[in-house]
Amino acid sequence: MGKKPVFSLQDFAAKTGVKFFSFVQDGFLLTPVEVQVSLLPGLPDIKFSGLADMAIKESATRLKSAFKKCGFHWPLRQQIIVNLSPACIRKNSLGVDLALALALLSKTGQMDFSQFNTNDLYAYGEVGLSGEVSTPENINLLSGKWAPLMTGKMIGKNFREGVYTAQTLQEIPLAKKAKVEDWRSSLEKPPLPSTCFSKTASLILKLCAAGEHHLLLCGEAGSGKTTVAEHIYHLLPPPEKSFWEEGWQMHLTRPLSWRPYINPHHTTTPLSMIGGGCPIFPGEISRAHGGQLVMDEYLEFHPKVQEALREPLEKGKIRLVRRGLNVEFPAHFLLTATTNLCPCGDYVPGQPVKCSYSLKRCQSHLDRLSGPMLDRFDLLAFSNGWKGKKEVSMKALLESVQVARDFRKNIRKQNIPNGRLEWGELEAMISPEVRRVLPSTTSHRRRRALLRVARTFADLKGDREIRGTHVEEGYALSMKNFYFLKTRMMEG
């Protein structure tokens with residue numbers, strides 16, 4: 001009988017044919033690429049194909065050192081050919097190192113990957129000179145749930161299934177699945193302020209927070225507009241899971257602990273607010289996804305910034321095209337804006353005019369607010385009469401908002417806030433009596449805003465149907481004030 005053939009790890013690697021994938025930047029997100037390795041006789045060298053950038057090419061130098069420190073051998077008297085497939089797109093990445101190391105270890109028979117029980121193994125991590133494996137900060141930009149995924153020690157919280165972690169290259173054969181923590185464990189609600197408000201201001205706070213309606217606050221300087229706009233954040237519910245996971249991708253340097261709260265200065269450039277660049281990055285509009293965007297001194301923002309809000313407020317997303325790249329960012333947020341109606345800040349609607357500027361200059365100030373953008377707000381309130389009145393506490397407001405929110409979710413079985421309801425959904429909730437009193441001479445958006453606000457009034461009172469009284473109560477804030485402001489804009 002002949003000798004029994006020896007079965008080496010090289011034979012195992014050839015027969016199992018495990019494919020290794022890593023991730024490269026594609027616009028804003030990370031998408032997978034296959035890392036293919038071939039060993040050819042020749043002078044020791046490593047060559048890359050597939051339009052790899054310099055950072056990826058430099059990984060070979062780091063891996064040589066890491067292999068030696070960890071007790072692995074680097075292929076000698078062989079030429080290493082690395083191909084990143086597909087080869088037709090330019091590639092830049094922070095974490096191709098790990099996939100390349102695994103592919104080399106598999107090709108040279110130095111590591112067995114049978115414990116993962118898969119033909120496709122994904123890896124994303126940086127390998128140091130001593131073989132330590134770290135997780136790139138942008139791992140949350142993965143555009144899908146790729147598993148099994150090998151990476152280093154996790155940074156922050158991880159909500160993905162099928163993730164394996166290892167501290168060093170030597171630990172990879174013993175890697176275990178990372179513990180998947182409930183995403184709610186990362187939430188930390190901000191403390192409730194002890195501020196008190198007037199009854200009129202508290203109604204605005206309740207409506208905006210309970211229905212998540214976009215709000216525009218106008219009035220004289222120092223009347224409390226900014227305070228109201230900022231305190232709405234403390235009345236909002238915990239973030240929704242889908243918004244939370246998407247929001248993590250927009251906040252890499254400062255992880256979220258609650259809903260996003262974005263309050264940019266009015267001198268912020270259109271590029272910073274909207275996003276752009278190459279590669280494309282998200283702006284403040286997208287960073288507010290799932291949270292609140294406060295725009296204090298709204299009319300002082302660049303006109304391009306104001307008009308760029310129109311699409312996100314209507315569709316909940318923003319599409320950017322730069323140098324042939326087309327990226328769509330999520331942008332579901334609650335917009336609360338404040339503004340003075342006059343350059344001197346003294347004009348008060350319905351009160352004797354104290355303004356020190358000419359009518360023409362006042363008119364030019366209001367001309368910065370376009371009619372189509374104004375129509376995107378559900379609520380418009382004037383802040384005169386709010387000063388110095390402390391009648392309702394934040395604790396009482398939170399209790400009222402929570403009762404209305406529970407009624408909507410548990411009794412009416414409606415998961416989305418009223419501020420995102422469309423016309424067809426609202427029509428199903430109104431009676432014939434309400435249909436007769438609805439204004440027919442105004443825009444579709446204004447009628448939709450009226451019904452949205454009326455629906456929130458009904459929730460605050462525990463009514464299943466939108467009744468005529470709710471429409472009457474919502475009329476001033478969702479229609480009458482808008483007519484007043486538009487009339488003011490057309491004067492002169």
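Since this is a predicted model, take the numbers as computed values, not measurements. Numbering of residues begins at 1 and proceeds along the displayed sequence.
- Taking all atoms of both residues into account, the shortest heavy-atom contact from Pro417 to Gly211 is CB-O, 3.6 Å.
- Atom CE of Met250 and atom CD1 of Ile262 lie 11.5 Å apart (nearest 0.5 Å).
- The pair Arg405-Asp459 does not meet the salt-bridge criterion, since no charged nitrogen lies less than 4.0 angstrom from a carboxylate oxygen.
- The backbone N or O of Thr31 lies less than 3.5 Å from no partner atom in the side chain of Gln25, so there is not a single donor-acceptor pair.
- Here Leu477 contributes atom CG and Thr456 contributes atom OG1; the two are 11.0 Å apart, rounded to the nearest 0.5 Å.
- Residue Glu212 is tested with Arg452, Arg259, Arg455 for a salt bridge (Lys or Arg N to Asp or Glu O under 4.0 Å); the sole match is Arg259.
- Defined by atom type and a distance below 3.5 Å, a donor-acceptor pair is missing between the side-chain atoms of Glu240 and Trp244.
- Here the CG-CG distance, from Asn326 to Leu320, works out to 8.5 Å after rounding to the nearest 0.5 Å.
- The main-chain N or O of Glu132 is never found under 3.5 Å from a side-chain atom of Ser130 such that the two would form a donor-acceptor pair.
- Here the closest heavy-atom approach between residue Leu421 and residue Leu426 is recorded as CD1-CD2, 3.7 Å.
- Using modelled atom types, one finds a donor on one side chain and an acceptor on the other under 3.5 Å when comparing Ser370 with Glu307.
- A donor-acceptor pair under 3.5 Å is formed between the side chain of Ser400 and the backbone N or O of Ala396.
- What you find for Leu169 and Cys70 is that their closest heavy atoms are CB-SG, 4.2 Å.
- Here the closest non-hydrogen pair linking Ala166 and Met150 is CB-SD, 4.4 Å.
- Residues that satisfy the side chain to side chain contact (heavy atoms under 4.5 Å, CB included) test with Pro193, not counting sequence neighbours, are Thr195, His231, His234, Met394.
- Atom CG of Asp53 sits about 5.0 Å away from atom CG of Asn92, to the nearest 0.5 Å.
- Atom CD1 in Ile318 sits 9.0 Å away from atom CZ in Phe329 (nearest 0.5 Å).
- Among residues two or more places apart in sequence or in another chain, the side chain to side chain contact (heavy atoms under 4.5 Å, CB included) test is passed with Glu399 by Lys395.
- Using a distance-only test at 3.5 Å, with no hydrogens or angles considered, a donor-acceptor pair links the side chain of Arg408 to the main chain of Asn415.
- Annotation for Glu422: atom CD counts as buried by contact number, over 12 foreign heavy atoms lying within 6.0 Å.
- For the atom pair CD of Glu425 and CG of Asn418, the computed distance is 10.0 Å after rounding to the nearest 0.5 Å.
- Checking Thr151 against Thr165 by side-chain atom types alone, no donor-acceptor pair falls below 3.5 Å.
- When atom types are taken as modelled, the side chain of Ser286 and the backbone of Pro282 share no donor-acceptor pair closer than 3.5 angstrom.
- Within the 4.5 Å cutoff, side-chain heavy atoms of Thr108 are placed close to those of Leu39.
- Between Tyr122 and Phe20, the distance from one ring center to the other does not fall under 6.0 angstrom.
- Among all heavy-atom pairs drawn from Ile80 and Pro75, the shortest one is CD1-CG, 4.0 Å.
- Within the 4.5 Å cutoff, no side-chain heavy atoms of Asn83 are placed close to those of Phe48.
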Check against side-chain contact (heavy atoms from CB on, under 4.5 Å), Lys317 and His332: CA-CA 7 Å; Lys317 57 187 177 183; His332 265 299; over 6 Å; no
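- The backbone N or O of Leu121 sits nowhere less than 3.5 Å from a side-chain atom of Thr118 that would complete a donor-acceptor pair.
- In this structure, the ring of His73 has its center no less than 6.0 angstrom from the ring center of Phe67.
- In plain terms, the two heavy atoms of Ala123 and Leu102 that are nearest each other are CB-CD1, 3.9 Å.
- Every residue was checked against the side-chain hydrogen bond (donor to acceptor under 3.5 Å, both in side chains) condition with Glu311, not counting sequence neighbours, and none meets it.
- The aromatic rings of Phe23 and Tyr124 stand perpendicular to each other, their planes meeting at an angle above 60°, with 30° marking the opposite boundary.
- Salt bridge annotation for Glu314-Arg448: present, with a cationic side-chain nitrogen under 4.0 angstrom from a carboxylate oxygen.
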